[in-house]
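Values below: every heavy atom of this structure, side chains too, minus hydrogens, waters and symmetry copies. Chain A is the first sequence line, chain B the second, and so forth, proteins listed ahead of strands; every chain is numbered from 1.
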There are 2 protein chains.
Amino acid sequence: MPHLRAPVTRRERQREATYDEIVDVSARLLAEGADLSLRAVAAGMGMTAPALYRYVASYQQLVDLVAFELDKAATAEWAEAAARFPEDDPAARLAVACARFRQWALTRPREFALVFANPIAEEDSERRDLLTLSTSGHYFTDLLWQIWELYQFPYPALDDLDPVIREAVLDPVIPAKADHIPTEDRGILWVYMRAWSALYGVVTLESTGHCDPRVIESGQLFRATLLDWLAPLGLHHERDRITTILDEELARP
Amino acid sequence: MPHLRAPVTRRERQREATYDEIVDVSARLLAEGADLSLRAVAAGMGMTAPALYRYVASYQQLVDLVAFELDKAATAEWAEAAARFPEDDPAARLAVACARFRQWALTRPREFALVFANPIAEEDSERRDLLTLSTSGHYFTDLLWQIWELYQFPYPALDDLDPVIREAVLDPVIPAKADHIPTEDRGILWVYMRAWSALYGVVTLESTGHCDPRVIESGQLFRATLLDWLAPLGLHHERDRITTILDEELARP
DNA sequence: GACGTAAGTTTACACCGTTTACCGTTAACG
DNA sequence: CGTTAACGGTAAACGGTGTAAACTTACGTC
């Protein structure tokens with residue numbers, strides 16, 4: 001059994017490369033507007049469909065794999081865009097990241113659906129675990145933590161939380177780098193969940209198109225939702241500045 | 001060409017019955033956990049798949065038909081549950097309806113996805129039109145209107161709205177019985193859009209399972225989101241009463 | 001160099017949506 | 001009343017899907 005830093009054998013390297021190619025081809029298919037199918041992916045790699053079963057146990061696993069990598073790649077995009085603001089300005093970074101997240105969801109609704117609207121049943125714990133690793137989730141949580149460090153926005157004490165929620169923030173299964181958050185400050189995670197729920201809501205509504213197209217195009221619904229969250233995050237003093245950044249970001253091509 | 005109250009011929013009655021059966025069989029399939037497919041529906045009716053093409057032009061149309069009827073049936077359920085409060089208590093009715101909506105989304109995630117997470121492309125205007133007819137949309141809009149009549153919550157003046165949004169509330173393509181809302185009061189529709197977006201958000205998040213299962217089970221995220229909307233709807237004085245109703249509804253089997 | 005295993009192939013099965021050609025039955029009309 | 005056209009269905013077929021099993025080939029290791 002290989003160690004974690006195992007000397008990668010030739011085979012293992014090749015296998016890793018194949019996984020990368022699977023993701024690449026899948027992403028290309030989706031970008032082209034084609035359906036994501038085992039056969040199409042295989043064909044795109046010059047293989048037959050059953051061969052993919054050496055790498056993935058089922059179609060759903062392929063989807064999960066691709067979803068994870070798409071999320072990772074997308075998050076890198078947002079993060080890069082947000083990085084035009086310095087590290088000590090997490091509020092501005094959050095505004096940019098949210099806007100880019102929305103933009104991504106609007107221009108790539110199929111990818112968005114794959115990553116964020118993919119139903120995850122109560123029971124299958126494998127896919128739940130994968131959800132915990134969500135790159136975007138970690139990124140947003142991290143930004144929120146930095147914002148708290150800077151602005152010290154109020155958050156519920158553990159005693160004020162519903163017992164179930166208390167348990168959930170103490171031992172989170174959501175994507176969150178929570179280890180570095182002191183136990184008594186875990187109420188922050190509740191703020192995170194609520195904020196994420198709001199962001200997820202508008203973006204999903206707009207991305208799936210269950211909304212007046214003009215409203216989507218204007219970006220007002222998204223804008224209003226985000227502005228509502230400035231105060232709870234202790235950013236009321238930053239309102240004008242963040243609004244400017246947001247509008248600037250929304251006006252982007 | 002028959003009039004609107006055309007004397008229904010035998011054929012027309014039979015055809016209508018067939019449509020009903022299509023919906024019934026489809027609903028049964030979904031309830032059984034099976035996939036919704038043309039072939040399965042046809043088989044369930046003792047027909048062959050191509051025969052269904054006499055009634056729907058494509059699989060997507062079948063889905064739309066079923067989605068519309070599922071929405072209608074579900075709305076009837078919520079409305080009936082909400083009707084345990086009198087007509088002059090729209091706030092209580094809204095609380096119950098929202099809770100039932102969520103309950104429905106949680107117990108029937110596949111149906112929910114069909115109706116509310118079904119991607120609608122920008123272009124295809126047919127499906128957009130269908131969206132405008134959404135029964136649940138009309139029901140919720142109507143409740144909100146009644147709440148406004150009773151509590152007169154503040155809403156933005158037309159001049160304060162973004163031009164695009166102003167246009168959208170004056171000539172809405174969303175499901176809303178807006179004809180009876182005076183032009184100058186159309187800002188209410190903006191409140192409606194925002195509230196619906198928030199409700200849609202949590203419910204979708206919970207229904208698709210992109211969330212800690214314990215948080216879902218506790219209902220706290222949903223509860224908090226709804227409570228946040230009491231004030232904007234002029235229901236701050238009703239907070240305790242509505243909260244009780246909501247908790248009672250959430251505790252239901 | 002032999003052996004075991006990993007990574008492919010081919011073949012096959014059971015589905016899927018959709019199109020075409022064909023055929024009774026049914027309703028409408030001159 | 002008889003003719004005609006539309007309606008509602010069938011069977012067959014095409015190309016597509018995920019998946020399973022058996023088989024082959026090539027590689028890495030002892």
Side-chain angles (χ1 to χ4, degrees), chain A residues 1-3 6-23 25-26 29-30 32-67 110 113-114 118-119 121 124 126-127, chain B residues 1-3 6-26 29-30 32-67 110 114 118-119 121 124 126-127:
Chain A
M1 171 171 288
H3 298 75
V8 246
T9 75
R10 216 186 91 85
R11 251 190 187 160
E12 278 169 335
R13 254 184 299 126
Q14 186 128 351
R15 193 175 171 80
E16 208 58 37
T18 308
Y19 272 111
D20 288 348
E21 195 183 352
I22 290 176
V23 172
V25 173
S26 299
L29 282 175
L30 288 169
E32 285 169 354
D35 283 354
L36 183 61
S37 79
L38 278 172
R39 292 189 127 99
V41 173
M45 306 173 60
M47 295 199 316
T48 59
L52 278 181
Y53 277 78
R54 299 285 173 195
Y55 301 91
V56 147
S58 68
Y59 173 70
Q60 185 58 58
Q61 264 200 21
L62 171 75
V63 170
D64 289 346
L65 170 67
V66 174
R110 298 149 43 80
L114 218 65
N118 218 333
D124 72 55
E126 279 191 32
R127 303 194 57 213
Chain B
M1 172 171 287
H3 298 77
V8 243
T9 76
R10 218 185 85 86
R11 254 191 183 160
E12 278 169 337
R13 255 183 299 127
Q14 186 129 352
R15 194 175 171 79
E16 208 58 38
T18 308
Y19 272 110
D20 289 348
E21 194 183 352
I22 291 177
V23 173
D24 287 349
V25 173
S26 300
L29 282 175
L30 288 170
E32 285 168 354
D35 283 354
L36 184 62
S37 79
L38 278 173
R39 290 190 125 100
V41 172
M45 305 174 59
M47 295 199 316
T48 59
L52 278 181
Y53 278 78
R54 301 286 178 196
Y55 300 90
V56 276
S58 69
Y59 172 69
Q60 185 58 59
Q61 264 200 20
L62 170 74
V63 170
D64 290 344
L65 170 67
V66 174
R110 298 149 41 79
L114 217 65
N118 218 334
D124 70 54
E126 279 192 32
R127 304 194 56 213

Report, one pair per line, the protein and nucleotides 26-30 of chain C atoms (nitrogen or oxygen only) whose separation is under 3.5 Å.
from, atom 1, to, atom 2, distance (Å)
dT26(C), O4', R11(B), NH2, 3.4
dT26(C), O2, R11(B), NH2, 3.2
dA27(C), OP1, R10(B), NE, 3.2

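For the helix from dG1(C)-dC30(D) to dG30(C)-dC1(D), the rotation axes defined at the first and last 5 base pairs enclose an angle of 10°, given to the nearest 10°.
Residues forming a side-chain contact (heavy atoms from CB on, under 4.5 Å) with E126(A) (at least two apart in sequence, or on another chain): Q61(A). Residues satisfying the side-chain contact (heavy atoms from CB on, under 4.5 Å) criterion with A43(A), sequence neighbours excluded, are absent altogether. Listed by chain and residue number, T9(B) satisfy the side-chain contact (heavy atoms from CB on, under 4.5 Å) test with R11(B) (two or more places apart in sequence, or in another chain). For V25(A), the side-chain contact (heavy atoms from CB on, under 4.5 Å) criterion is met by E21(A), R28(A), L29(A), V41(A), M45(A), not counting sequence neighbours. Y55(B) is linked by a ring pair (Phe, Tyr, Trp, His ring centres under 6.0 Å) to Y19(B), counting only residues two or more places apart in sequence or in another chain.
Residues from residues 34-41 of chain B that place a heavy atom under 4.0 Å from any atom of DNA chain D, listed by number: R39(B). Near DNA chain D, defined here as any heavy-atom distance below 4.0 Å, the residues from residues 14-25 of chain B are R15(B), listed numerically. Sorted by residue number, the members of residues 53-62 of chain B with any non-hydrogen atom under 4.0 Å from DNA chain D read R54(B), Y55(B).
Among pairs with a residue in residues 37-65 of chain B, those fulfilling salt bridge (charged side-chain N to carboxylate O under 4.0 Å, His left out) read D64(B)-R127(B), at least two apart in sequence or across chains.
Environment of CD in Q14(B): sparse, with no more than 12 heavy atoms of neighbouring residues, nucleotides or ligands closer than 6.0 Å.
The structure places CD of E12(A) at 9.5 Å from CZ of R15(A), a figure rounded to the nearest 0.5 Å. Between atom CG of residue D24(B) and atom OG1 of residue T18(B) there is a gap of 11.5 Å, rounded to the nearest 0.5 Å. Note that CZ of R110(B) is 9.0 Å distant from CG of L114(B), once rounded to the nearest 0.5 Å.
Side-chain atoms of Q60(B) and N118(B), non-hydrogen and from C-beta on, do get closer than 4.5 Å to each other.
In this structure, M45(A) places its CE atom 10 Å from P of dT9(C), rounding to the nearest Å. Across the protein-nucleic acid pair, L52(A) atom CG and dG8(C) atom P stand 9 Å apart, rounded to whole Å. Atom-to-atom, CD of E12(A) to C1' of dG28(D) comes out at 12 Å; the value is rounded to the nearest Å.
Taking every side-chain heavy atom of M47(A) into account, dG8(C) is the closest of dT19(C), dT10(C), dG8(C).
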